Amino acid sequence: MSQFVKELISKMTFTEKIGQMTQLSGDFFASDNSAITGPLQQANLATTDLYQVGSILGVSGVDEVKKIQENYLQHSRLKIPLLFMADVVHGYRTIFPIPLALAASFDPQLVSQTSEIFSREAAAGGVHVTFAPMVDLVRDPRWGRVMEANGEDPFLNSELAKASVEGIQGQQKIPDADHVAACVKHFAGYGAVEAGREYNTVDISEWRLRDQYLSGYQAAIEAGVPLVMTAFNTFQGKPATGNYHLMRDILRRELGFKGPLISDWDAIGEMIAHGTASDLQDAAQQALKAGVDIDMMSMAYLKLARRVHPSSELVDLVNQAVERILNFKESLGLFTDPNRGLHSENEKQIFSTHNLEIAQQAAVESTVLLKNKNNLLPLSKDCRLGLVGKFADNPDLLGSWSWQGKMAETQTIKSALQENFTKVSYIQNQQLQAVDLQLLKQQDVIVACLGLSAQQSGEATSMTHPQIPDQQLALLRKLQQLNKPIITVLITGRPLVLNPIIKNSDGLLLLWFPGSRGAAALAQILLGEKEPGGRLPMTFPKDLGQIPLYYNNFRTGRPLVGDKSDLENKYLSKYIDQENQPAFCFGYGLGYAKTALSESKLDKKTYQSIDSIKVSVKIENHSDISAKQVIQVYCHQIVGETVRPQWELKAFQKVKLQPKEIRKVEIDLPLNRLAYVHSDLKRRLDPGNYCLRVGFDSQSGLRQSFKII
Ligand code: GLC
């Protein structure tokens, strides 16, 4: 703690300290009187309370931020500047593909680059902290927030968590005035909500939390994330936000997090609804003891300010919290410049051509080609296209949490295709009357743009049936009658059950919510100017009943062996009405070029635990076009102290090859990545025998074995 912060704290009243620990939304600071009669009155707050709160969420824009900050400081006795926080998750005004789509790029450098761009735009817009990255491990597409996550694999999640934090902070421990600070969320385990139902119970063992769910948060903390946000869910029967063990023991003591911990929206107050707090004071006490420094929107901490004689323990806890908050404000330079150098000049970079070009590249690298029957794709410029479907002429391509992104500024697929193809016939009517079918009969290829709207993914959008709506399936069945090649373009923020789509499509492109320049990226991909670079970060199930279905599952005592005996033997871990196989597995994705791997080798057969494995493999581009691939390295521990996943991704490398290029690729795999949490809850690496497999997805590849002594 600096001398400045020390002296400041010594001047603060108990009420002012509690104020610093309270965060209110922007509507409380509305310049007209609506705040007085609206939120302040509902929250039973006086305007004096307002000028003591420490931070505000959901406000951006130079003028607005400056006006609020100026007015606030005029009323603040000790002139402690407000902290402005916002949900800039995958773009500020230039919107990038949703995080789950960016995870499909398997490109940490790209994730870092897009994160830095949105961080710069947000900082230019007056934001100080963004509530990102979200690194909840996700394995259930019924949960709408999978769109914000990095997918089902702990290693990919940790690599991208690190890349996001480094990008947001501009590769700096403390972000300069051109970047915002990151806030990793939601600690911890929110992605494991039972039945994929939003805000539902999470009941996973501490062993599983530590072994698979903590990796993203840990990577973010190791990358220097300055803030952490608590999760809405319970862990071991206690709401995370009041969970001493989770926050004090695991987050602060073990993971070494020392910065401000902020609750999620009203998560402190929700302890009453959870039934573990009798009132707001009780909830506040529990959260404070758990080490939560900032109360987002429940006003629970403000209740503590009413205490006439707070106990010495309470005063102590409050002082620790305020110290973390003021240290953080000082680290951002807010005391010297409350506007962190904000000036309209900075705003010029927002939505710049350069940023939009990167957004388009990111959409190309995130798009996953799931099917390409008879190499239908790519298409020629003069190919006669029949364009149909809900998303054919629809700017709803940004996805949720797209902060200042504007649909009015988002090019539609129809517009992008008309710019790049000479003959595009767009049928607006999704019911396809006879006249429409007649017109479509004259086309060479049908492009059907189907999927779910942005409102159907993100927070509070759990679905019991994550699949394409019947009306869109009916359209596809009608198109089938035309006997024309059909390319289905999928707009979605979550894996879907796609069986009818897969059957009725010759080409299937997963565009996700591709952001501001997703339509232009699609045009480049359809033309073959760019090759889709995505590989699935989450399994696509064949059947709803398989969910949750993820590749890195444990073997069980009766695993399938992968041959016809699986059909003959009844007593195996399987269903009687469906295969275990997904529709598309983790890591899967096609390219336009034909590539192959061969000659995989390890530099040794036996390793010490401190070693890295050098995996070498030959990759060949058999095509006369350039190629991109994601070489994936999976490992399996033959015998563990606890059960071990059948395969786990432990390294990957995205490569781009020239036409006909043959290249030997070497991938380093530090063996400490194979450490796992034992039954004593300690992470260790075991000596023993291991398998390693190098491939283009999680289901096939070239096998090697090695030993750790
Ligand atoms: C929401 C979300 C959280 C977000 C916060 C502020 O409820 O759970 O991810 O950052 O509130 O908007």
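Note that this is a predicted model, so its numbers are computed, not measured. Note: hydrogens, waters and symmetry copies are ignored here, and every other heavy atom, side chains too, is used. Both counts, for ligands and for their atoms, begin at 1 and track the order of listing. Each residue takes its place number in the sequence, starting with 1.
- With L137 as reference, N157 is the one residue of N157, L156, N150 to meet the side chain to side chain contact (heavy atoms under 4.5 Å, CB included) rule.
- Per-residue contacts place F131 under 4.0 angstrom from the following atoms of ligand 1 (heavy atoms of the residue considered): 10 (O).
- Under the 4.0 Å criterion applied to side-chain N and carboxylate O atoms, R210 and E254 are assigned as salt-bridge partners.
- The closest approach between any non-hydrogen atom of E148 and ligand 1 is not below 4.0 Å.
- Here F96 and H90 keep their ring centres 6.0 angstrom or further from each other.
- If you check which protein heavy atom lies closest to atom 8 (O) of ligand 1, you get D264 OD2, 2.6 Å.
- Close contacts between ligand 1 and R145 involve ligand atoms 2 (C), 3 (C), 8 (O), 9 (O) [criterion: under 4.0 Å to a heavy atom].
- Considering backbone and side-chain atoms alike, W265 places every N or O at 3.5 Å or more from each N or O of ligand 1.
- Within ligand 1, counting atoms from 1 as listed, the ones closer than 4.0 Å to a heavy atom of F232 are 7 (O), 8 (O).
- Distances below 4.0 Å separate heavy atoms of H186 from the following atoms of ligand 1: 3 (C), 8 (O), 9 (O).
- Using the six-membered ring where Trp is involved, Y51 and H75 have ring planes that are parallel, under 30° apart on the 30 and 60° scheme.
- The protein non-hydrogen atom at the shortest distance from atom 4 (C) of ligand 1 is D87 OD1, 3.2 Å.
- Paired with K185 under the rule salt bridge (charged side-chain N to carboxylate O under 4.0 Å, His left out), one option of D264, D136, D87 passes, and it is D87.
- A donor atom on one side chain and an acceptor atom on the other are not found under 3.5 Å apart for Q218 and S158.
- Among all protein heavy atoms, the one lying closest to atom 1 (C) of ligand 1 is E459 OE1, 3.1 Å.
- Atoms of ligand 1 found under 4.0 Å from any heavy atom of K185, numbered from 1 in the order shown, are 3 (C), 4 (C), 9 (O), 10 (O).
- In summary, the atoms of ligand 1 found under 4.0 Å from a heavy atom of M229, numbered by their order in the structure, are 10 (O).
- In the model, Q455 has no side-chain atom that pairs as donor or acceptor with a side-chain atom of S400 under 3.5 Å.
- A ring-centre distance under 6.0 Å is not found for Y92 and F118.
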